[in-house]
Amino acid sequence: MAELKSRRVVLKEYVEGYPTEEHMELLPAADVDEAAAAAEGSVLVKNLYLSCDPYMRPKMSRPVGQSSYTSAFVPGAAITGYGVSQVVRSSLPGFAPGDLVRGITGWEDYSVIKPPFTGLLAKIQPDAGVPLSYYTGILGMPGLTAYVGFHHICSPKAGETVFVSAASGAVGQLVGQFARLAGCRVVGSAGSDKKVELLKKKFGFHDAFNYKSEGDDLAGALKRRFPEGIDVYFENVGGKMLEAALLNMRTHGRIAVCGLISQYNLTAGEKEGGATGVRNLECLVTKRVRMQGFIEPDHKHVYPEYEAWVVPHIREGRVVYVEDVAEGLDAAPRALIGLFHGRNVGKQVVSLATQA
């Protein structure tokens, strides 16, 4: 095998407030540690697609005392995240050179994946008939997140009303379509008129609105679109959007808390000043609303059920997926930062597949 070299994107320093591209650095190509790949239980992979996801922002912050379900990035080390890769060398039973896999990998050309992360690797069947990049999105973590959050946690019934915030993102676009397939009336919010049109014309949302055009009256915007109230709220934003949704929930409504992207870039001073406080929580009591947070890793066992359900919908055109693809490892920092400024339209993916 010819000597392999790999570039990598590293976090330069911990971030407070909004991250910038300058917080990351693309290091020049260096020799791949193939000896590490030969260690028992390890796999050397060539990365093909990297996933940019909002959960990566908290991992860029300095670790604090509070518990988290995922550890922080280490300055100077490659950023890690979900990706699609091809096995180059394997010392892990069941994986062979040439196999296509999905799982946690590094933001680099080649990665040596070691235990326990090899336990998260899963083979991709090359004849599945869907784009490989889908395994970072609709057939990856975002897809299972949407399915579990909507179907398992919210337990929707035909005829109910559903509100999805950040609805044009990797998860939200799927929740809206799953709601429509379940016979629900679904409304989404997004941050631009272009995204609103996408929600209605591409994803089949019954209605959608640009929250930036509503000023401070988000509660009124929801009231106009849900005059009888919201049965199911799929929460991706937090802050003022959650406050407005709480006022508009119906009795015995359900809220699945998937993410709180409005809170991820707050400084320590803003948090101490009460910027993270949420009003209208009394609605949980008076309306007997159930609000539950969840994370995808707790539900990995549901993936076979989800894949069997969604693949026929994809193949037959009942569920569609929009990706925003950045080309090349050097484009990865800008692609990730774009998530926190609403630049992406659809699932943000970084493609390394065409690189030599």
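Sequential numbering from 1 along the given sequence is applied to the chain's residues.
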**Report entry** Separation of Ile104 CD1 from Thr118 OG1 (nearest 0.5 Å)
**Finding:** 12.0 Å

Report task. Report yes or no: do Tyr55 and Tyr264 belong to one cluster of Ile/Leu/Val/Met/Phe/Trp/Tyr joined by side chain heavy-atom distances under 4.5 Å? Result -> yes

Query raised in the report: Say you draw a straight line from CG of Leu242 to CG of Asn236; how long is it, rounded to the nearest 0.5 Å?
Result: 11.5 Å

Query raised in the report: Taking the six-membered ring where the residue is Trp, are the ring centres of His152 and Tyr147 under 6.0 Å apart?
Result: yes

Requested in this report: Run the numbers on Lys46 and Ser85 for side chain to side chain donor-acceptor pair (under 3.5 Å), then give the verdict.
Outcome: CA-CA 5 Å; Lys46 176 178 174 57; Ser85 313; over 6 Å; no

Query - Heavy-atom check, side chain of Ile138 versus side chain of Val319, under 4.5 Å - result: yes

Report summary line: Here the gap from Glu21 atom CD to Asp330 atom CG, rounded to the nearest 0.5 Å, amounts to 10.5 Å

Query - Same apolar cluster: Leu139 and Leu181, side chain cutoff 4.5 Å - result: yes

**Report entry** Neighbour count >12 (heavy atoms, 6.0 Å) for atom CZ, Phe117
**Finding:** no

Query raised in the report: If you draw a 6.0 Å radius around NZ in Lys194, do more than 12 non-hydrogen atoms from other residues or ligands fall strictly inside?
Result: no

**Report entry** Atom NZ of Lys287 with >12 non-hydrogen neighbours under 6.0 angstrom
**Finding:** yes

Query raised in the report: Any Lys/Arg nitrogen of Arg185 or Glu228 sitting under 4.0 Å from an Asp/Glu carboxylate oxygen of the other?
Result: no

Report task. Answer with yes or no whether the side chains of Glu323 and Ser133 bring together a donor and an acceptor at under 3.5 Å. Result -> yes

Query raised in the report: Do any N or O atoms from the side chain of Lys195 and from the backbone of Gly342 form a donor-acceptor pair under 3.5 angstrom?
Result: yes

**Report entry** side-chain contact (heavy atoms from CB on, under 4.5 Å) between Phe205 and Val164, intermediate numbers included
**Finding:** CA-CA 10 Å; Phe205 281 65; Val164 185; 4.3 Å; yes

Query raised in the report: Would you find more than 12 non-hydrogen atoms of other residues, nucleotides or ligands less than 6.0 Å from Arg334 atom CZ?
Result: no

Query raised in the report: Can the ring centroids of His341 and Tyr18 be said to lie less than 6.0 angstrom from one another?
Result: yes

Query raised in the report: Is the number of heavy atoms from other residues, nucleotides or ligands under 6.0 Å of Lys200 NZ greater than 12?
Result: yes

Requested in this report: State plainly whether one hydrophobic cluster holds both Leu48 and Leu26, where clusters connect Ile, Leu, Val, Met, Phe, Trp and Tyr through side-chain heavy atoms under 4.5 angstrom apart.
Outcome: no

Query raised in the report: Side chain of His151, backbone of Val148: donor and acceptor closer than 3.5 Å?
Result: no

Query raised in the report: Got more than 12 heavy atoms from elsewhere within 6.0 Å of CG, Asp298?
Result: yes

Query raised in the report: Once you round to the nearest 0.5 Å, how far does CG of Leu11 lie from CE of Met24?
Result: 7.5 Å

Query - Sidechain-backbone polar pair: Arg290 side chain, Ile153 backbone, donor-acceptor under 3.5 Å - result: yes

Query raised in the report: Does Asp324 use its side chain to pair, donor to acceptor, with the backbone of Val349 at less than 3.5 Å?
Result: no

Requested in this report: Show your working on side-chain contact (heavy atoms from CB on, under 4.5 Å) between Val289 and Arg254 and close with a plain yes or no.
Outcome: CA-CA 6 Å; Val289 172; Arg254 288 87 70 202; over 6 Å; no

Query - Note: Arg288-Glu282 ion pair, threshold 4.0 Å (strictly below) - result: no

Requested in this report: Assess the pair Phe178 and Trp309: is the distance between their ring centroids shorter than 6.0 Å?
Outcome: yes

Query - Cys52 SG to Ile337 CD1 distance, which is reported to the nearest 0.5 Å - result: 9.5 Å

Query - Whether Gln86 side chain and Gly98 backbone form a donor-acceptor pair below 3.5 Å - result: yes

Query - Short side-chain donor-acceptor distance under 3.5 Å, Ser192 and Asn210 - result: no

**Report entry** Carboxylate-amine/guanidinium contact Glu108 Arg7, below 4.0 Å
**Finding:** no

Query raised in the report: Does Lys202 reach the side chain of Gln177, with side-chain heavy atoms less than 4.5 Å apart?
Result: no

Query raised in the report: With distance as the sole test, does Ser111 use its side chain to make a donor-acceptor pair with the main-chain N or O of Ile113 at under 3.5 Å?
Result: no

Requested in this report: Establish whether Leu284 and Phe294 are linked, either directly or via other cluster members, by ILVMFWY side-chain heavy-atom contacts under 4.5 Å.
Outcome: no

Query raised in the report: Would you call Lys347 and Asp53 a salt bridge, taking side-chain N to carboxylate O under 4.0 Å as the test?
Result: yes

**Report entry** Criterion ring pair (Phe, Tyr, Trp, His ring centres under 6.0 Å) on Tyr321 and Tyr134, from CA distance to verdict
**Finding:** CA-CA 8 Å; Tyr321 203 58; Tyr134 276 20; 5.8 Å; yes

Query raised in the report: For the atom pair OH (Tyr233) and CG (Asn248), what is the distance rounded to the nearest 0.5 Å?
Result: 11.0 Å

Query - Distance-only polar pair, side chains of Ser165 and Ser189, donor-acceptor under 3.5 Å - result: no

Query raised in the report: Can you find a heavy atom in the side chain of Val232 that is under 4.5 Å from one in the side chain of Glu160?
Result: yes

Query raised in the report: Does Glu235 use its side chain to pair, donor to acceptor, with the backbone of Gly238 at less than 3.5 Å?
Result: yes

Query raised in the report: Between Val257, Val171, Val162, which is the residue that forms a side chain to side chain contact (heavy atoms under 4.5 Å, CB included) with Phe234?
Result: Val171

Query raised in the report: Does a sphere of radius 6.0 Å around CZ in Arg62 hold more than 12 heavy atoms from other residues, nucleotides or ligands, not counting ones at 6.0 Å or beyond?
Result: no

Query raised in the report: Ignoring hydrogens and geometry, is there a side-chain-to-backbone donor-acceptor pair from Lys5 to Ala29 under 3.5 Å?
Result: no

Report task. Please answer whether the main-chain N or O of Val187 pairs with a side-chain N or O of Asp207 as donor and acceptor at a distance below 3.5 Å. Result -> no

Report task. Would you confirm whether Gln173, through its side chain, and Val175, through its main-chain N or O, come within 3.5 Å as a donor-acceptor pair? Result -> no

